[in-house]
Amino acid sequence: MLTSRSLFLAQVLAHLSLIPMIVYGQWHHWLIAIIVYFFNGCIGMTVTYHRLLSHRAWVAPKWLEYFGVLCASIGLTGSAISWVAIHRKHHRYTDTEHDPHSPTFKGFFYCHWLSMFEPVNIKFAMDLRRERFYLFQHRYYFYIAGVYAISVYLIDPFAVVYAFLVPACILWNAGSSIVSVAHMYGPQAHPINSKAANVWWLGLLVWGEGWHNNHHHQSNNPYFSEQFWQVDVGGLVIRILLALRIAKLA
């Protein structure tokens, strides 16, 4: 069963995995870690959890939607039901005392590393709550991650570190930085009519998510870049899926 405490302990383990990775990891281990981060972060978190499920900004066939959810499941950031519910509440109450992860009211440390303890209000994800697949993923979240961990272990025991735990650690810190950094100074420090800041280096590191001001201006837009130089890998993935006629806009 997915609980805040179990997710916290999993992330502690993921962060500790950096030690053997730094000591024993070779260049190809880091390369594989980055590739897995593309799948759990870009395909799973950015394209699926965020732009597809949270905001319904684009439409995917069920097989692709579920594949994206499974990619996110190995990132140790929580189930789709929990993640979507908290994120939708964030947009409802952005930078107020009711915002589930506002650094202005809850502090940087809590928003960056302890957000898994934020209570989940299920009313913000009732559409997912009605689907058996998402109930299954929520209930058996760690079993899904465990099957993946065992699979990579059978290929190479050290792969549990470089192909599972380290990418999960990267994803947690990258994803948390979107709220802990982009909302760090509160709405009073942002441009007029803005609820967040664009952070260019997060735009590069977190698959386009760093263009957070753009996103808050138009949350149902699947593309976060408004200028040609604003790199949005997540948006590019969606554009490719549209060009291949695999997906469509909402």
Side-chain angles (χ1 to χ4, degrees), residues 2-5 7-12 14-15 18 37 40-42 44-46 49-51 53-55 72 75-125 167-221 224-226 230-232 234:
L2 177 61
T3 64
S4 298
R5 181 177 297 180
L7 191 58
F8 173 76
L9 293 175
Q11 273 300 327
V12 169
H15 281 67
L18 287 173
Y37 170 52
N40 70 14
C42 184
M45 193 62 55
T46 297
Y49 267 23
H50 192 190
R51 308 189 196 193
L53 300 181
S54 295
H55 298 291
L76 299 180
T77 58
S79 70
I81 289 176
S82 299
W83 199 96
V84 168
I86 290 177
H87 186 72
R88 288 176 178 172
K89 185 178 180 181
H90 163 67
H91 274 265
R92 175 75 64 86
Y93 302 108
T94 305
D95 286 325
T96 70
E97 61 182 342
H98 301 295
D99 188 337
H101 43 56
S102 169
T104 304
F105 293 93
K106 295 181 178 293
F108 178 92
F109 188 86
Y110 178 90
C111 292
H112 196 88
W113 284 293
L114 301 178
S115 60
M116 70 279 288
F117 292 105
E118 185 65 28
V120 176
N121 190 333
I122 199 64
K123 75 176 185 179
F124 288 99
C169 174
I170 295 173
L171 175 60
W172 184 274
N173 286 280
S176 294
S177 294
I178 300 301
V179 291
S180 63
V181 175
H183 288 272
M184 184 184 300
Y185 303 106
Q188 68 275 8
H190 305 146
I192 189 169
N193 297 325
S194 173
K195 294 183 177 181
N198 283 333
V199 183
W200 69 267
W201 54 273
L202 285 177
L204 297 176
L205 294 176
V206 199
W207 316 113
E209 295 289 308
W211 310 116
H212 206 54
N213 180 21
N214 300 347
H215 171 54
H216 270 276
H217 272 180
Q218 194 174 9
S219 60
N220 62 346
N221 187 343
F224 288 6
S225 61
E226 294 183 352
Q230 294 179 335
V231 179
D232 178 16

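The structure presented is a predicted model; accordingly, all values stated were derived computationally and were not measured. All values below come from the heavy atoms of this structure, side chains included, with hydrogens, waters and symmetry mates left out.
Close placement of the H183 and H212 rings is indicated, their centers lying within 6.0 Å of each other. Within the 6.0 Å centre-distance limit, the rings of W207 and Y37 are counted as a close aromatic pair. H216 and H91 have their aromatic ring centers within a separation under 6.0 angstrom.
In this structure, the side chain of W200 does not engage the main chain of Q230 through any donor-acceptor pair within 3.5 Å. Within the 3.5 Å criterion, the main-chain N or O of M116 finds a donor-acceptor partner in the side chain of S4. Listed for the Y49 side chain is no donor-acceptor partner under 3.5 Å among the backbone atoms of G44. At least one donor-acceptor pair closer than 3.5 Å links the side chain of T96 to the backbone N or O of Y93. Side-chain N or O atoms of S219 include none that pairs as donor or acceptor with a backbone N or O of H215 at under 3.5 Å. Under a 3.5 Å cut-off, the side chain of H90 and the backbone N or O of I86 do not form any donor-acceptor pair.
Here the NE2-CG distance, from H101 to D95, works out to 10.5 Å after rounding to the nearest 0.5 Å.
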Please tabulate, for the side chains in residues 117-124, all donor-acceptor contacts under 3.5 angstrom to protein atoms that are two or more places apart in sequence or on a different chain.
from	atom 1	to	atom 2	distance (Å)
E118	OE1	Y110	OH	2.7
N121	OD1	K123	N	3.2

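Residues N173 and W113 are in side-chain contact: their nearest non-hydrogen atoms beyond the backbone lie under 4.5 Å apart. In this structure, L9 and R5 have side chains that are in contact, with non-hydrogen atoms separated by less than 4.5 Å. The shortest side-chain heavy-atom distance between L18 and C169 falls under the 4.5 Å cut-off. Within the 4.5 Å cutoff, the side chain of W83 has heavy atoms near those of the M45 side chain. For the pair F224/E209, a side-chain contact is recorded, criterion being any heavy-atom separation below 4.5 Å from C-beta on.
What you find for P103 and C111 is that their closest heavy atoms are N-SG, 3.4 Å. Looking at every heavy atom in both residues, S54 comes nearest to V84 through OG-CG2, 3.5 Å. Summarising the geometry of A14 relative to L76, their closest heavy-atom pair is CB-CD1, 4.4 Å, with the distance given to 0.1 Å. Smallest separation of non-hydrogen atoms from H112 and S176: O-OG, 2.9 Å. A pairwise comparison of heavy atoms in A125 and A85 identifies CB-CB, 3.9 Å as the closest pair.
With no hydrogens or angles considered, a side-chain donor-acceptor pair links H87 and H55 at under 3.5 Å.
Each of D232, N221, N198 was scored for a side chain to side chain donor-acceptor pair (under 3.5 Å) with N214, with one residue passing: N198. Here the options are L171, N40, L7, the test is side-chain contact (heavy atoms from CB on, under 4.5 Å), and the partner is T77; only L171 passes.
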